[in-house]
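As a basis for the values below, the full set of heavy atoms in this structure was taken, side chains included, without hydrogen atoms, waters or symmetry mates. Note on naming: letters A, B, ... go to the chains in the order of the sequence lines (proteins, then strands), and numbering restarts at 1 for each one. Source: prediction; values computed, not measured.
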Amino acid sequence: MTWNVNSLKARLPRVEAWLAEFEPDVVCLQETKLADDAFPHERFAALGYECLHHGEGRWNGVAVCSRVGLTDPVAGFASAGPPDRDARIAWATCGPLRVASVYVPNGREVGHDHFHYKLEWLERLRADLDECCDPAGKVVVCGDFNIAPDDRDVYDPSAFDGATHVTPAEREKLAALHEWGLVDLFRTQHDEDGLYTWWDYRGGDFHKRRGMRIDLVLGTRPVAAAVTGAVVDRNARKGGRDDPPSDHAPVIVDLDCAGS
DNA sequence: ATGGTCGCGCAGCGA
């Protein structure tokens with residue numbers, strides 16, 4: 001499962017209730033907005049999870065949590081090179097899977113410095129795969145990509161003309177991940193449009209079904225062959241002042257890992 | 001009605 005929680009501090013009761021109900025084996029979180037020493041390891045341990053957190057405090061922050069073991073943790077990019085300026089990726093081995101939780105830079109506006117950072121960040125993610133992973137192995141890269149892979153992943157493509165998340169430049173970087181060997185696991189199960197993972201808080205967008213599918217679970221072909229189902233839990237996007245939701249919903253992919 | 005919503009943290013930025 002992957003979920004951009006938009007502050008784990010603000011979302012902890014909701015995340016705990018969700019984990020207790022669905023009991024996923026591997027959990028990737030983004031936008032924890034916590035420093036490492038503020039991560040509630042004991043609360044996750046109480047639910048059976050061992051966690052790797054990579055955070056900085058006010059912004060960003062990612063985690064990989066597992067109840068099937070967690071080894072070989074890497075906080076940040078795994079490949080050679082200078083450290084990332086933000087806390088946006090963490091790698092760990094969970095059972096048979098090599099897993100990355102990623103929070104791809106938003107980009108802000110096309111042409112903005114942050115947009116170039118986004119494109120370079122995606123190139124660096126490809127370098128992690130090239131240097132540290134095998135496309136014949138069982139690798140999962142999931143999280144908030146801040147890219148809608150296709151026009152069917154956006155409620156109104158014309159509303160995003162000239163905006164980030166849909167440009168050819170961003171989609172080409174995503175294509176480079178597919179060329180390496182990653183498959184969009186959700187799309188192995190569902191072809192239709194209108195299936196989103198993020199809705200703006202403003203304007204009642206969630207209730208008007210104005211969203212985007214920008215949270216992705218990518219896996220190598222051996223993983224794709226094991227997929228038995230995939231869903232977005234829209235219910236987790238519901239709620240009001242007494243139980244405020246993240247602006248993202250969790251994406252769950254079921255794998256049959258018998259024999260691995 | 002010239003906004004609209006969050007989180008962080010206490011102004012205004014980032015999403």
Hey, is R43(A) close enough to E16(A) for a salt bridge, meaning N to O under 4.0 Å?
yes
Is the distance from OP1 or OP2 of dC6(B) to the nearest side-chain N or O of S7(A) less than 4.0 Å?
no
Listed partners of D254(A) passing salt bridge (Lys or Arg N to Asp or Glu O under 4.0 Å), at least two apart:
none
Rounded to whole Å, the NE2-P distance (H112(A) to dC13(B)) equals 12 Å
Could you measure between the two C1' atoms, the one in dC10(B) and the one in dG14(B), and give it in whole Å?
16 Å
Quickly work out the D205(A) CG to dA15(B) C1' distance and round it to whole Å.
13 Å
Enumerate all atom pairs, one protein N or O and one N or O from nucleotides 10-12 of chain B, separated by less than 3.5 Å.
none

If the threshold is 4.0 Å, N to carboxylate O, is there a salt bridge linking R210(A) and D200(A)?
no
Can you tell whether the side chains of D130(A) and R126(A) come within less than 4.0 Å, N to carboxylate O?
yes
Whole-Å distance between dG4(B) C1' and D247(A) CG?
15 Å
For DNA chain B, whose closest nucleotide is more 5', that of P244(A) or that of P105(A)?
P244(A)
Out of I214(A), V232(A), V5(A), T2(A), which one pairs with H248(A) under the side chain to side chain contact (heavy atoms under 4.5 Å, CB included) rule?
I214(A)
What integer distance in Å separates N60(A):CG from dG14(B):P?
12 Å
Toward the 5' end of DNA chain B, by each residue's nearest nucleotide, D200(A) or L8(A):
D200(A)
Rounded to the Å, how far apart are H248(A) NE2 and dC6(B) P?
14 Å
Pick the C1' atom in dA11(B) and in dA1(B), then give their distance to the nearest Å.
25 Å
So, is R108(A) near the phosphate of dA15(B), with a side-chain N or O under 4.0 Å from OP1 or OP2?
yes
Within the structure shown, what part of the strands sits under 4.0 Å from Y103(A) by heavy-atom distance: base, sugar-phosphate, or nothing?
sugar-phosphate
Nearest-Å distance, NZ (K118(A)) to P (dG14(B))?
16 Å
dG9(B) versus dC13(B) - spacing of their C1' atoms, nearest Å:
11 Å
Distance, rounded to the nearest Å, where Y201(A) contributes OH and dC13(B) contributes P:
20 Å
Scan R11(A) against the nucleic acid and name what it touches under 4.0 Å (heavy atoms): base, sugar-phosphate only, or nothing.
sugar-phosphate
Could you check how far CZ of R241(A) sits from P of dT5(B), rounded to whole Å?
9 Å
Within 45 degrees of the axis of the six-membered ring of Y103(A) and under 6.0 Å from its centre: does R88(A) put its NZ or CZ there?
yes
For a quick test of your reading: what N or O donor-acceptor pairs under 3.5 Å do the side chains of residues 217-225 of chain A make, sequence neighbours left out?
| from | atom 1 | to | atom 2 | distance (Å) |
| --- | --- | --- | --- | --- |
| T220(A) | OG1 | G137(A) | O | 2.6 |
| T220(A) | OG1 | V139(A) | N | 3.1 |

